[in-house]
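Take a look at the structure set out below.
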Amino acid sequence: MIPTDPAEREALVAEYVLGTIEARQARAIECAMDTDAALREAVAAWEKRLAPLSELATPALPPPGLWERIAAVLAPPAPPRAPARAAAAPGLWRAWALAASAAAAGLAALLVLRPGPEPRLLAALLAAPDQPAWLVEAEGGTLRLAALGP
Amino acid sequence: MLRARGREAPAEDPLLGDEAEAAEAEARLIATGEGRRLRDGLAALETPHRAAIILAFVHGLSHPQITERLGLPLGTVRSWLRQGLMALREGLG
């Protein structure tokens, strides 16, 4: 799919970096770059050549209210916020995200590090409904009996 | 690399590419040696070649969008882009 003719190849790479080739062709180039060092170099050279042009692009600001809409999607029953608090929202979200990540990491560590759970079963044997006589404890394949009566 | 790819509303000037959209943007472009060389390389191109390259790269337009923008056949735009890029490479060395 990548032409072998040097001039064709160069033109294709240039248009790939320019962003005008079809997505299918772009994917073919990206795949071929894994194994084709010369292709990688050609792409890097064109990126270097054209990079200064990105200065001409007008910086685009996100539309107002975008963050609030994203936050609303992430947490559907979000309570309405006063505008003054909304300004602090990204900070709150970041703190919340950090705390949640830490909690998740802690749980993961606990699951990995904790020794396997040992089922411990207890049963009371009754001599009469209100008179426990023996306590049976099963743990790790052994049974222990404890007399409770006098 | 930051590109305004897929923006639906490019600048008003239909021939953008002739001049930087704003003096500020051009100042940023020529702030580096590479940027100055690129500007000079682009300046040496024929106007339609330069316009096609800038519409594609800076404004993120596709072939059909450039075609519509410049009111020219797709094949013409395609070959301008290609010739422009190759000429640019020659110019930049």
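Computation of the quantities below employed the complete heavy-atom set of this structure, encompassing side-chain atoms and omitting hydrogens, waters and symmetry-equivalent molecules. All chains are named by letter (A, B, ...) in the order of the sequence lines, taking the proteins before the strands, and each is independently numbered beginning at 1.
A distance of 6.0 Å separates CG in A/Leu18 from CG in B/Leu81, rounded to the nearest 0.5 Å. To the nearest 0.5 Å, the span separating CG on B/Leu85 from CG on A/Leu12 amounts to 11.0 Å. In this structure, the separation between CD on A/Glu15 and CZ on B/Arg78 is 7.5 Å, given to the nearest 0.5 Å. Taking CZ of B/Arg89 as the reference point, atom CD of A/Glu10 lies at 4.0 Å (rounded to 0.5 Å).
The side-chain heavy atoms of B/His63 and A/Glu22, taken from C-beta on, include no pair separated by under 4.5 Å. Within the 4.5 Å cutoff, the side chain of A/Glu8 has heavy atoms near those of the B/Arg82 side chain.
With a 6.0 Å radius and a threshold of 12 heavy atoms from other residues, nucleotides or ligands, B/Arg37 has its CZ atom at or below the threshold. For A/Glu30, the CD atom counts as densely surrounded, since its 6.0 Å shell holds more than 12 non-hydrogen atoms of other residues, nucleotides or ligands.
Contacts between B/Ile53 and chain A at a heavy-atom distance below 4.5 Å involve backbone atoms as well as side-chain atoms. Only the side chain of B/Leu92 comes within contact range of chain A, judged by heavy atoms closer than 4.5 Å.
In this structure, B/Leu61 and A/Thr20 approach most closely via the heavy-atom pair O-CG2, 4.0 Å. Residues A/Pro52 and B/Gly35 share a closest heavy-atom pair of CB-CA, 3.5 Å. For A/Leu53 against B/Phe57, the heavy-atom pair with the smallest separation is CB-CD2, 3.6 Å.
Annotation: maximal heavy-atom pairing with chain A below 4.5 Å, among B/Leu42, B/Leu38, B/Leu88, occurs at B/Leu38.
Two different hydrophobic clusters hold B/Ile66 and B/Leu74 under the rule that ILVMFWY side chains link at heavy-atom gaps under 4.5 Å.
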